[in-house]
Visitor: 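Mind having a look at this structure? Questions to follow.
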Amino acid sequence: MDKVSKAARTVPVKVTVNGEPWEGEVRCEETLLGFLRDRLGLKGTKRSCESQVCGACTVLVDGLAVSSCSYLAWEARDKQVQTIEGLACGGKLDPVQEAFVKHSAVQCGYCTPGMIMMVKALLMENPHPSREEIRNWLNGSICRCGTYVAVEQAILDVAGATE
Amino acid sequence: MLRPFELVEPTSLSETFGCLEHHGEEAKVYAGGSELLVAMRLGLLHSKMLVNIKHVPGMDQLELENGSLRVGSLVTHRRVETSALVRERFPLIARMESKVANVRVRNVGTLGGNLAFAEPHSDPATLFLVYGAEVVLQSSRGQRRIPLSEFFVGPYETVMEPAEILVEIRIPSFPQGMKGAYIRWGVLERPALNVAVGARLAEDRLLEAVRVAVGCVGPIPIRLQQLEESLRGMELSAAYQHIGSSGTAVRQWLAPVSDIFGSDDYKVYMVKTLLQRALRQAVEGDDHG
Ligand SMILES: Cc1cc2nc3c(=O)[nH]c(=O)nc-3n(C[C@@H](O)[C@@H](O)[C@H](O)COP(=O)(O)OP(=O)(O)OC[C@H]3O[C@@H](n4cnc5c(N)ncnc54)[C@H](O)[C@@H]3O)c2cc1C
Ligand code: FES
Ligand code: FES
């Protein structure tokens, strides 16, 4: 799509969200988080710190994990956005979701959608992460309920680790 | 909530300069937005217009030229961290990058944005200082190259003129035989303290060349040239001792203040400790890049 060559308050955007195309205008200051929650009604993506510290708002843009709270919606123009709602397929949970259920890697669940999207990004890049790689990757994904150990177990499980 | 602003997306440098000159103070360069959007949301900064420079060609190179690493200002932390070239030739830089913020910030945050913002708690700034890095700045009046050690003026302040932008960072390899170390310390996202050391031992195990940089403590990251001078020619054990007893000088050079990262006394103590550790890591380790 064309770049904005004259100063503008809105930007024309074509974007694919969880496989569904969307086309329209977004305000320059509209965040991807606001766009997903308030326009598309995709409330799985959570708002928390709004400063890239906690990870609750994590979504994938062309496979890259980003903090949607601090990512302007027009930046996703011509790209593929994936949110927690896009993981389950035909009523069947994604293997990462299954592993979170199996290991009770959820307490209140507020951090979970972002945590799971972070894990998706990790496994795409590194299908068999070590414990240390998992910890480094999730530095910046905060769980106030302290599910970290269960999350780590779930990841090791889904990645086929033998321990 | 972010207050409304306008967006422009230049596709050339001349268009960028034209736009920045025309709009003056009202316009802000926007790269990854990781600093800018947080500052705007907190109301620390308001901009009527963002100038997205990510479509301007010629600022995304990551390559080796005559032994120097050329990093275009739009290159992200994550790209530096995962680059095969950087991992092979400048492993210390790749490792430093792997500790910056978190993966999401590294996916969008650029090296140009990091240095241009001159936030005192920068990882790359401190490490790049011991390499003797330079920054390339450009405006409609032309290009200039200046040492990174002369780039920072104060917190959030650099020598960049209005309507001038940072286009590239040039990082020379260490001289033959020099090895380096970088240590960041802290419990929050950004480092509370960081130090970088480059050192070369002569055959008689005396320190032949030493470079020392400290960040986060003073208003800007700096090379401690006086300390470098006095360490030169010392035996290692004498060097550790010298660093250990340089508290008064460190306090004078860095002018530490007490803040959420620690008290001034704590910072002076930790700078000494981390410098000793970094020197040991440098000479005992294997980081030639
Ligand atoms: C949660 C969090 C944790 C962080 N942790 C760390 C950390 O551990 N270590 C660390 O070093 N940093 C850290 N940062 C800072 C991180 O934002 C920067 O490292 C990042 O690289 C900034 O780049 P950007 O492209 O996002 O900059 P932007 O936000 O786009 O811009 C920052 C500033 O620089 C200006 N600017 C940008 N590019 C240019 C250019 N080419 N020429 C002139 N001016 C320019 C902009 O006008 C703006 O004033 C952290 C940030 C966050 C939000
Ligand atoms: S809400 Fe986006 S990182 Fe916390
Ligand atoms: S499960 Fe409650 S915040 Fe993570």
Visitor: Is it the side chain or the backbone of A:E75 that comes within 4.5 Å of chain B heavy atoms, both, or neither?
Guide: side chain

Visitor: Between A:S141, A:S51, A:S70, A:G140, which shows the greatest number of heavy-atom pairs under 4.5 Å with chain B?
Guide: A:G140

Visitor: Check each atom of B:S34 against the heavy atoms of chain A and say whether the ones under 4.5 Å are side chain, backbone, both or neither.
Guide: both

Visitor: For B:A27, is it the side chain, the backbone, both or neither that has a heavy atom under 4.5 Å from a heavy atom of chain A?
Guide: neither

Visitor: Quick check for you: among A:T10, A:T31, A:L138, A:L72, which has the greatest number of heavy-atom pairs under 4.5 Å with chain B?
Guide: A:L72

Visitor: Salt-bridge test for A:R27 and B:E6: reply yes if a basic N is under 4.0 Å from a carboxylate O, no otherwise.
Guide: no

Visitor: Which one of B:E15, B:R41, B:K54, B:M1 has the most heavy-atom pairs closer than 4.5 Å to chain A?
Guide: B:R41

Visitor: Report the C-alpha distance between A:Y71 and B:L37 in whole Å, list the side-chain angles of each, state the deciding distance to 0.1 Å, and finish with yes or no for side-chain contact (heavy atoms from CB on, under 4.5 Å).
Guide: CA-CA 8 Å; A:Y71 190 90; B:L37 296 177; over 6 Å; no

Visitor: Is the side chain of B:N107 donor-acceptor paired with the backbone N or O of A:A65 at a distance under 3.5 Å, no angle test?
Guide: yes

Visitor: Can you tell me which portion of B:V38 sits under 4.5 Å from chain A's heavy atoms? Options are side chain, backbone, both or neither.
Guide: side chain

Visitor: Look up atom OG1 in A:T58 and atom CG in B:N102, then write down how far apart they are to the nearest 0.5 Å.
Guide: 8.0 Å

Visitor: What part of B:L7 lies closer than 4.5 angstrom to a heavy atom of chain A: side chain, backbone, both or neither?
Guide: both

Visitor: Using a 6.0 Å cut-off, check whether atom CZ of A:R144 has over 12 heavy atoms from anything other than its own residue.
Guide: no

Visitor: Would you mind telling me which of B:R106, B:R78, B:M40, B:K99 has the largest number of heavy-atom pairs within less than 4.5 Å of chain A?
Guide: B:R78

Visitor: In Å, rounded to the nearest 0.5 Å, how long is the span from CZ of B:R104 to OG of A:S68?
Guide: 9.5 Å

Visitor: Does the side chain of B:V103 come within less than 4.5 Å of A:M118's, by heavy atoms?
Guide: yes

